[in-house]
Undergrad: 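The structure is given below, and queries will be raised subsequently.
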Amino acid sequence: MLPRRAALAFTLMLGILLVPRAARAAVTWLPGEGGFAPLTADPRTPRFGFDLIEADRASGFTGRRFPLARIDGDGPSSTLLAVDGMLWGWFARLPNFNFPLESVDGSFGIALERMAGPWSARLRYGHLSSHLGDGGYDIEARRIAYSRESVALVGSYAPGSGLRAYAGPTFMLHGTPRAPAFQFQVGAEATRARAGRAASPYAAVDLRLKAEVENRVNQSYQAGVRIGREPGRRVRISVGYEAGMSERGQAWQRSEHFLRAGIALGD
């Protein structure tokens, strides 16, 4: 059963969606790509691809964001309802092309998104859980029950010229193990789209202050190139650096820092 506050948040999101601001609002079902742009450097943004982690680890992602409905009013603004989900596997890299699964994290969510010119916002209710894989060591001794239900609000401003900044809080509704509930996220992205060319270089940073780990700030830095012109049909090749407390639930109190290189399909 959902926690009471989670159910109220979910109801509020649907209520806002079902009460359009304009009398002549039009609803488009399954509108395709669009809405609140993904947070590129956030390691938990749903995507499909894999990363190589320095010398001895790899991670694989299978996830997608899927818009369900869009409401367009008389003006240039619109409201969109979307769902998302992702499985994130963390693997050891051994000789002879052997990749034992050490842990897997799963997430899903429902989001209400609002776009108005250069401004956009996303209100998302989400679930996250984490499990050890059978490729780890001392599994029974290290295994913990880890899950989170949270509501996150992120506002974004994109003034043009390929620039974007965003910020917003996350509040935990229920957590196992129990921990302080607050998180604050801030980030920025810069993209150089060149007319007539399918390759667009970019750079992005994402910072996450987490009360559950004594207000430590997780840092994600990323640079790369997107190949393709149509969102949802592009390939993204990137390199990056991660530092802070682990984003993997089974290691949530472990300090990590590593270089990574990866590819994402359908970006």
Side-chain angles (χ1 to χ4, degrees), residues 1-21 25-50 59-73 77-89 104-116 119-131 146-156 164 166 168-175 183 185 187 206 208 230-234 236 247-249 264-267:
M1 178 180 292
L2 289 173
R4 181 177 301 178
R5 286 175 293 180
L8 290 175
F10 179 79
T11 303
L12 176 62
M13 291 165 63
L14 289 182
I16 295 173
L17 174 71
L18 296 174
V19 183
R21 295 191 175 194
V27 179
T28 302
W29 299 103
L30 306 180
E33 299 296 327
F36 188 87
L39 307 181
T40 301
D42 185 342
R44 290 203 171 274
T45 293
R47 59 199 183 279
F48 183 89
F50 67 89
S59 60
F61 310 87
T62 176
R64 190 71 177 174
R65 170 186 169 274
F66 190 80
L68 297 177
R70 186 182 69 238
I71 296 180
D72 297 303
S77 62
S78 62
T79 302
L80 187 143
L81 180 69
V83 294
D84 64 72
M86 185 172 73
L87 291 177
W88 174 16
V104 60
D105 289 45
S107 66
F108 61 85
I110 181 169
L112 183 68
E113 304 172 355
R114 180 76 175 170
M115 289 66 64
W119 295 95
S120 61
R122 181 184 68 190
L123 177 66
R124 179 182 181 273
Y125 166 76
H127 168 84
L128 168 68
S129 61
S130 180
H131 311 271
Y146 182 93
S147 68
R148 298 283 189 265
E149 283 80 40
S150 61
V151 168
L153 175 64
V154 180
S156 173
R164 180 192 187 197
Y166 59 86
T170 296
F171 300 95
M172 191 191 306
L173 303 175
H174 177 267
Q183 175 178 323
Q185 181 175 26
D206 187 87
R208 302 168 302 283
E230 185 178 349
R233 296 179 178 271
R234 299 178 297 193
R236 173 161 50 94
E247 291 288 346
R248 296 176 292 125
L265 306 178
D267 185 59

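What you see is a predicted model; the values in this text were computed from it and never measured. In this chain, residues are counted from 1 in sequence order. The basis for the numbers below is simple: all heavy atoms, side chains too, and nothing from hydrogens, waters or symmetry mates.
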Undergrad: State whether R65 and E113 are salt-bridged, where the test is any N-O pair (Lys NZ or Arg NE/NH1/NH2 against Asp/Glu carboxylate O) under 4.0 Å.
TA: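 Salt bridge between R65 and E113, a charged N being under 4.0 Å from a carboxylate O: yes.
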Undergrad: Which atom pair, heavy atoms only, marks the closest approach of G249 to Y146?
TA: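 Of all heavy-atom pairs spanning G249 and Y146, the closest is O-CD1, 3.4 Å.
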Undergrad: Give the minimum heavy-atom separation between A152 and T170, together with the two atoms involved.
TA: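 For A152 and T170, the tightest heavy-atom pair comes out as CB-OG1, 3.3 Å.
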Undergrad: With distance as the sole criterion, is a donor-acceptor pair present between the side chains of S77 and R114 under 3.5 Å?
TA: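 Present: a donor and an acceptor within the cut-off.
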Undergrad: Rounded to the nearest 0.5 Å, what separates atom CZ in F48 from atom CG in D267?
TA: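 Going from the CZ atom of F48 to the CG atom of D267 covers 13.5 Å.
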Undergrad: First locate atom CZ of F61, then atom CZ of F50, and finally report the distance between them rounded to the nearest 0.5 Å.
TA: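 Spacing of CZ (F61) from CZ (F50) equals 10.5 Å.
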Undergrad: Please check this pair: side chain of R47 against backbone of T45, looking for a donor-acceptor N/O pair closer than 3.5 Å.
TA: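 Flag set: sc R47 to bb T45 pair under 3.5 Å.
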Undergrad: Working to the nearest 0.5 angstrom, can you tell me the gap between E247 CD and D105 CG?
TA: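 Spacing of CD (E247) from CG (D105) equals 9.5 Å.
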Undergrad: Is the shortest heavy-atom distance from the side chain of L112 to the side chain of Y125 under 4.5 Å?
TA: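 No. Closest side-chain heavy atoms not under 4.5 Å.
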Undergrad: Is there side-chain contact between D206 and Q185, with heavy atoms separated by less than 4.5 Å?
TA: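 They are in contact (side-chain heavy atoms under 4.5 Å apart), so the answer is yes.
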Undergrad: Is the positively charged end of R164 above the ring of F36, judged by distance under 6.0 angstrom from the centroid and angle within 45° of the axis?
TA: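 Checked: cation-pi criterion met.
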Undergrad: Hey, does L153 have a side-chain heavy atom less than 4.5 Å from the side chain of F171?
TA: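 They are not in side-chain contact.
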Undergrad: Mind checking the CZ-CG spacing from F66 to D84? Nearest 0.5 Å is all I need.
TA: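 So the gap between those two atoms works out to 12.5 Å.
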Undergrad: What are the two closest heavy atoms between R124 and G126, and how far apart are they?
TA: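 Closest approach of R124 to G126: NH1-CA, 3.7 Å.
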Undergrad: Please name the pair of heavy atoms, one in P67 and one in G32, separated by the smallest distance, quoted to 0.1 Å.
TA: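 Smallest interatomic distance, heavy atoms only, reads CG-O, 2.9 Å.
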Undergrad: Kindly compute the distance separating CG (L123) from CD1 (I110), expressed to the nearest 0.5 Å.
TA: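 Atom-to-atom, L123:CG and I110:CD1 are 10.0 Å apart.
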Undergrad: Over all heavy atoms of both residues, which pair between A111 and R122 is shortest? Give the atoms and the distance, please.
TA: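 So the minimum-distance heavy-atom pair works out to CB-CG, 3.9 Å.
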Undergrad: Nearest heavy-atom pair of S78 and D72: which atoms, and what distance?
TA: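 It is CB-OD1, 3.1 Å.
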Undergrad: Working to the nearest 0.5 angstrom, can you tell me the gap between M86 CE and L128 CG?
TA: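 Going from the CE atom of M86 to the CG atom of L128 covers 9.0 Å.
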Undergrad: Is there a side-chain contact between T40 and R236, using heavy atoms and a 4.5 Å cut-off?
TA: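 Yes, side chains in contact.
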Undergrad: Is the shortest heavy-atom distance from the side chain of R64 to the side chain of P46 under 4.5 Å?
TA: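 The answer is no, as the side chains (C-beta and beyond) never meet within the 4.5 Å cut-off.
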